[in-house]
Amino acid sequence: MEIIKPSIPKGTRDFLPEQMLRRQYVINIIKTVFEKYGYQPLETPSIEKLDVLSGKYGEEGDQLMFKILKRGTGLEKVGREIKEFSITKFRDIADLGLRYDLTVPLSRVIAMYRNEITLPFKRYQIQPVWRADRPQKGRYREFFQCDADNVGSASMMADAETIAIINEILTVLGFKQFKIKINNRKILSGIVEYSGVETNRGMDVCIAIDKVDKIGIDGVKKELLQREISDNAIAKILPILEISGKIENILSDVSSLLKSSEVGSEGINEIRELISYMKSMDIPTNNYVVDLYLARGLTYYTGPIFESVVEEPKIGSLTGGGRYDELIGMFSGENIPATGTTLGIERIIDVMTELKMMPEAKTSTKVLVTIFNDETKDASLKLIQKIRKAGINSEIYFDSNGLKKQFKYADKMGIPYVVIMGPDEAEKNEVSLKDLRKGEQAQMTVEKMLEVLK
RNA sequence: GAGGGCGUAGCUCAGUUGGUUAGAUCGCCAGGUUGUGGCCCUGGAGGCCGCGGGUUCAACUCCCGUCGCUCUCCCCA
């Protein structure tokens, strides 16, 4: 038989038990916080119709979407039965794609079940998404996103709550140095308006200025020129973005510059309101900043946008989100305001691993019951069921080929306790319990052992 | 789609101007210890040197091609 060299597609990963324990640790914390804030779980299919996915993520997004080949198109016969194949519409060979994010499927769900869903609808969703790009550090082709969204309220309180959730999760996970960057698409629109650039070129401006962390201010300038933004406009845009310092000062400075722009002023007011709620919620002020350079690539954001980053290691953003008041309307015709965030669990795990913030457990098993010999097998089996009945995670070693093997197994697996049920113990109706970490061993009754293990 | 780096034992890596039998650490297996892991000691197994071709008396080493992995740009979590 020919052996097939085992491998998986690049940008995908197998999660072995040790890694799964760490993933579950992170996911459980995230889930607990989501539920604490009143969010309920939701899941949607991995595949969606291309009509649903297309046109929501910008041109680049459409390219990075995995599309699924229809069956029975005849395309698969090319090169065998037929030499040529022609189509007039792409939809004739593909009409489905893999989920690209969780926000669009949520919007689809809201539009579809509009009559069954009570607003405000608060849901969280933890599922994989797929992107057909080239993998690199902190970037995969299949990865999990954890989203929490709040549908049905235009209040800045909903945005403040989203930021509070991000802050709480990152804090509970043990992050000490992180910043939640806050901006507003309306302010960016105001700046574009003020600069005299046509409004439909706003996205070009956003993409350019969003790169400041990577290419610096001079780089942004070059990028803007490359995107055919006039010198004149650039000269108006860059000084505004440079405004920094205390949030109140930034807002008042920008506010006076943009006072002629209705949308810009609206954006300023929104941020002011948002920050005031955040203060009432006691979100530590050094965990967030107003960063006018923050733009975010996805096209569907309409109001406040936010992103959280860590200084070290350099890995891009850990979370990203914002308000998207017009996305649901694309499915139902009726605009329903919504806001929320994505947590990038892969990056969070990568950073936590690099900063050694992860618990090191290799197993959730607390105790290994050994088998001394064939005569004591049944006693060991009876014993382990007692331990399990007491609610303690335990394993039994199936092959009784010496205690050495069994101890070695427990040690390698990181199982903290080993129980021995041998002839000596049986005689006194007791068991021996060894604490592998301390290296101490004692003989005791079963009841006493259960007490120690609890 | 464009560019850089790397493919040698299960892992991480060394390998001299091309030279005869390709090494090390960890891990694995056995023993030192006939009721006991982690430390120590002794021994052992394990390699189409990514794949194909070329140059050469001779290639892990040089050249060409190819595949795989990885990083950067674009874009993003």
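All chains are named by letter (A, B, ...) in the order of the sequence lines, taking the proteins before the strands, and each is independently numbered beginning at 1.
As rounded to the nearest Å, B:U21 and B:C11 have C1' atoms that lie 25 Å from one another. Only the P atoms considered, B:G46 is 29 Å distant from B:C62, to the nearest whole Å. B:G1 and B:C74 are spaced 9 Å apart, taking the C1' atom of each and rounding to whole Å. For the P atom pair drawn from B:G37 and B:C28, the interatomic distance equals 14 Å after rounding to whole Å. Only the P atoms considered, B:G7 is 9 Å distant from B:C13, to the nearest whole Å. B:G27 and B:A9 have their C1' atoms separated by 11 Å, with the value rounded to a whole Å. Separating the C1' atom of B:U12 from that of B:U8 is a span of 12 Å, rounded to the nearest Å. Distance check on atom C1': B:U33 versus B:G38 gives 15 Å, rounded to whole Å.
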> Taking protein heavy atoms under 4.0 Å as touching, what does nucleotides 72-77 of chain B look like 5' to 3' if B marks base contact, S marks sugar-phosphate-only contact and - marks none?
Replying inline: BBBBBB

>> Please evaluate residues A:Tyr293 and A:Asn183 with respect to the criterion side chain to side chain donor-acceptor pair (under 3.5 Å), reporting the C-alpha separation (whole Å), side-chain torsions for both, the decisive distance (0.1 Å), and the verdict.
In response: CA-CA 8 Å; A:Tyr293 279 105; A:Asn183 197 10; over 6 Å; no

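Shown for residues 8-25 of chain A: residues whose heavy atoms fall under 4.0 angstrom of RNA chain B, namely A:Lys10. The stretch residues 419-434 of chain A touches RNA chain B through A:Ile420, A:Asp424, A:Glu425, A:Lys434, each having a heavy atom under 4.0 angstrom from the strand.
Donor-acceptor pairing under 3.5 Å is recorded for the side chains of A:Glu425 and A:Ser432. A donor and an acceptor atom, one from each side chain of A:Tyr37 and A:Glu168, are located under 3.5 Å apart. Between the side chains of A:Thr319 and A:Glu307, no donor-acceptor pair is found at a separation under 3.5 Å.
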> What would the secondary structure line of RNA chain B be in dot-bracket form, counting Watson-Crick and G-U wobble pairs under 3.5 Å, with [ ] for pairs that cross earlier ones and | for pairs with another strand?
Replying inline: (((((((..(.((.....[...)).).(((((.......))))).....(((((..]....))))))))))))....

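Rounded to an integer number of Å, the gap from A:Leu403 CG to B:G38 C1' is 16 Å. Nucleotide B:C39 holds its P atom 17 Å from the CZ atom of A:Arg437, rounded to whole Å.
In this structure, A:Arg131 satisfies the cation-pi test against A:Tyr100, with its NZ or CZ atom closer than 6.0 Å to the six-membered ring centre and inside 45 degrees of the ring normal. Both tests pass for A:Arg13 against the ring of A:Tyr140: distance under 6.0 Å to the centre and angle within 45° of the axis.
For the atom pair CG of A:Asp231 and NZ of A:Lys221, the computed distance is 7.5 Å after rounding to the nearest 0.5 Å.
Taking 4.0 Å as the cut-off between side-chain N and carboxylate O, A:Glu440 and A:Lys434 do not count as a salt-bridged pair. Using a cut-off of 4.0 Å between Lys/Arg side-chain N and Asp/Glu carboxylate O, A:Lys377 and A:Asp374 are scored as salt-bridged. Under 4.0 Å is where a charged nitrogen must lie from a carboxylate oxygen, and between A:Arg227 and A:Glu223 at least one such pair does. In this structure, A:Asp149 does not pair ionically with A:Lys122, as no charged nitrogen and carboxylate oxygen lie closer than 4.0 Å. No salt bridge links A:Asp51 with A:Lys49; every basic N to acidic carboxylate O contact stays at or beyond 4.0 Å.
A:Tyr409 and A:Tyr397 have perpendicular rings, their planes meeting at more than 60° on a 0 to 90° scale where under 30° would count as parallel.
Between the base of B:U36 and the side chain of A:Gln441 there is a donor-acceptor pair shorter than 3.5 Å.
Here the side chain of A:Asp210 pairs a donor or acceptor atom with the backbone of A:Ala295 at under 3.5 angstrom.
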Report, one pair per line, the protein and nucleotides 28-34 of chain B atoms (nitrogen or oxygen only) whose separation is under 3.5 Å.
unit_1, atom_1, unit_2, atom_2, d
B:C28, OP1, A:Lys412, NZ, 3.2

Contacts table for residues 15-28 of chain A: side-chain donor-acceptor under 3.5 angstrom, sequence neighbours left out:
unit_1, atom_1, unit_2, atom_2, d
A:Gln19, OE1, A:Leu16, N, 2.9
A:Arg23, NH1, A:Glu346, OE1, 3.0
A:Arg23, NH2, A:Glu346, OE2, 3.1
A:Asn28, ND2, A:Gln24, O, 3.2

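Counting heavy atoms from C-beta outward, A:Phe331 and A:Val109 have side chains that stay 4.5 Å or more apart.
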